[in-house]
Amino acid sequence: LLEIFEKDVTRPIDGVIKADDTSHLGTEVDEYVLTNEVEKALSILLEEYTKYTNANGVWISGFFGSGKSHLLKMLAHLLGDVDGQEFPRERVSTSFASKTSDAFLKASLKKAEGIPARSLLFNIDQVADAQNGDKTDAILKVFVKVFNNSRGYYGMQPHVARFERDLDTRGILEAFTEAYQRIAGMPWNEGRELDVLEEPNVAAAYAEVTGSAHGAPENILEKYRDSYRVDIDEFVGEVVAWLETQAPDTRLNFFVDEVGQY
């Protein structure tokens, strides 16, 4: 009986699409229905995206259950490489091209595919610090956290990420993590979670990799914590500095789910 169906009816189909879940991405891409309304909106979006001249943003609006998260997820994988993505971006583009007969949209999909880009896709509710009652610059703090995580820095504590960034900029982050593990007896990925409690080991590792004759400054992480301030201009500068280390014309796109409540 199952042979009469074109597709396997036992395939996993999630009722709710989760932005950070890539386990069934291939199925989600293939199952995505490109309605007339979405096709028109996608044509406009890709036209603007591929002839990019100014910074811009796109707001996806719709009723509950209308497919906003699903579309957002598809766009993220269509327009850039996503961390942990095992389903190639090119296959997403090919799948979407097969869903339309519009030659202009097909051309826009191919053109967008050729633009090097990184997609940071996340649900803002899941990433935001629920324990922090200070909602000042809440969205900016989440963007900073996600960007730090994407570079391998410690997004949970932005001042620690700043310390790692400074070491990385000087080209000594790897040497520091090796020295720290030897001195502290634990990987830096674990030690950084302890923050200021690890100050003596941090100082010793820092002194070793910097060749400080008189030792390292005391309470390095505490000083970073006390001096750290979230700042939009500085964040933009960090993004620009990162882009300058990538292939020419690379873009960094943020895809934020559930941002409406902010």
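Side chains are part of it too, since the values below use all heavy atoms of this structure and drop only hydrogens, waters and symmetry mates.
Classification of Asp257 and Lys68 as a salt-bridged pair fails, no side-chain N sitting under 4.0 Å from a carboxylate O. At a threshold of 4.0 Å, the pair Lys223-Glu218 does not count as salt-bridged, since none of the basic side-chain nitrogens sits closer than that to a carboxylate oxygen. Salt bridge annotation for Arg162-Glu234: present, with a cationic side-chain nitrogen under 4.0 angstrom from a carboxylate oxygen. Ion pairing between Arg89 and Glu113 fails under the 4.0 Å rule for side-chain N and carboxylate O.
Counting only heavy atoms from C-beta outward, the side chains of Glu28 and Glu31 never approach each other to under 4.5 Å. When side chains are defined from C-beta on, Leu221 does not count as touching Gln157, because their heavy atoms never get closer than 4.5 Å. Between Leu167 and Tyr206 there is a side-chain heavy-atom pair separated by less than 4.5 Å. Inter-residue side-chain proximity for Met74 and Leu25 is flagged as met; some heavy-atom pair is nearer than 4.5 Å.
Residue Phe104 is not grouped with residue Ile44 when hydrophobic side chains (ILVMFWY) are merged at heavy-atom distances under 4.5 angstrom, including chains of intermediate members. In the hydrophobic clustering of ILVMFWY residues, with side-chain heavy atoms under 4.5 Å counting as a link, Leu45 and Leu71 come out together. Both Phe143 and Trp59 sit in one connected hydrophobic cluster of ILVMFWY residues. Membership requires side-chain heavy atoms under 4.5 Å apart, directly or through other members. Note on Leu120: it does not cluster hydrophobically with Val82, by side-chain heavy-atom contacts below 4.5 Å among ILVMFWY residues. In the hydrophobic cluster analysis, where Ile, Leu, Val, Met, Phe, Trp and Tyr join through side-chain heavy atoms closer than 4.5 angstrom, Val240 is grouped together with Ile232.
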- Going through the distances and angles, do Leu75 and Ile60 end up as a side-chain contact (heavy atoms from CB on, under 4.5 Å)? CA-CA 11 Å; Leu75 289 174; Ile60 300 177; 4.2 Å; yes

- Check the pair Val196 / Asn219 against side-chain contact (heavy atoms from CB on, under 4.5 Å), numbers first and verdict last. CA-CA 7 Å; Val196 296; Asn219 304 324; over 6 Å; no

- Message: side-chain contact (heavy atoms from CB on, under 4.5 Å) for Phe176 and Val202? Distances and angles first, verdict last.
- Response: CA-CA 9 Å; Phe176 170 82; Val202 170; 4.1 Å; yes

- Query: What do the steps show when you test Asn148 against Met156 for side-chain contact (heavy atoms from CB on, under 4.5 Å), and what is the final call?
  - Reply: CA-CA 9 Å; Asn148 282 333; Met156 292 296 293; over 6 Å; no

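The 12-atom threshold is exceeded at CE of Met186, counting heavy atoms of other residues, nucleotides or ligands nearer than 6.0 Å. No more than 12 heavy atoms of other residues, nucleotides or ligands sit less than 6.0 Å from atom CD of Glu174.
The main-chain N or O of Arg91 is never found under 3.5 Å from a side-chain atom of Ser95 such that the two would form a donor-acceptor pair. Distance alone, capped at 3.5 Å, places no donor-acceptor pair between the Ser119 side chain and the Leu121 backbone. The backbone N or O of Glu164 sits nowhere less than 3.5 Å from a side-chain atom of Asp168 that would complete a donor-acceptor pair. Side-chain atoms of Ser66 come within 3.5 Å of backbone N or O of Phe63 as a donor-acceptor pair. When atom types are taken as modelled, the side chain of Lys145 and the backbone of Val127 share a donor-acceptor pair closer than 3.5 angstrom. Without hydrogens or angle criteria, Ser150 side chain to Phe147 main chain gives a donor-acceptor distance under 3.5 Å. Panel note: side chain Asn149, backbone Gly155; a donor-acceptor pair is recorded below 3.5 Å. Of the possible donor and acceptor atoms, one in the side chain of Asp102 sits under 3.5 Å from a partner among the backbone N and O of Leu105.
Tyr180 and Asn201 get closest at one heavy-atom pair: CE1-CB, 3.7 Å. Of all non-hydrogen atoms in Ile220 and Glu199, the two that sit nearest each other are N-OE1, 3.1 Å. The shortest non-hydrogen separation linking Ala112 to Leu79 is CB-CD2, 4.0 Å. Nearest heavy-atom pair across Asp30 and Lys99 is O-NZ, 3.0 Å. The two atoms that bring Trp242 and Arg151 nearest to each other are CD1-CD, 3.7 Å, heavy atoms only. The heavy-atom pair separating Glu258 from Ser69 by the smallest distance is OE2-OG, 4.5 Å.
With rounding to the nearest 0.5 angstrom, the CG atom of Leu42 is 6.0 Å from the CG atom of Leu109. Note that the NZ atom of Lys106 and the OG1 atom of Thr94 stand 10.0 Å from one another [nearest 0.5 Å].
A donor-acceptor pair shorter than 3.5 Å can be found between the side chains of Asp195 and His159. Side-chain N/O atoms of Tyr224 and Asp166 include a donor and acceptor closer than 3.5 Å.
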Distance-only donor-acceptor pairs under 3.5 Å for side chains of residues 247-256, two or more places apart:
| unit_1 | atom_1 | unit_2 | atom_2 | d |
| --- | --- | --- | --- | --- |
| Thr250 | OG1 | Ala247 | N | 3.4 |
| Thr250 | OG1 | Ala247 | O | 2.7 |
| Arg251 | NH1 | Tyr49 | O | 2.6 |
| Arg251 | NH2 | Tyr49 | O | 3.2 |
| Asn253 | ND2 | Tyr49 | OH | 3.0 |

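When ring centroids are compared, Phe163 and Tyr228 stay outside the 6.0 Å threshold. His77 has its ring centre no less than 6.0 Å from the ring centre of Phe87.
Classified by interplanar angle (parallel below 30°, tilted 30° to 60°, perpendicular above 60°), the ring pair Phe96/Tyr32 is parallel.
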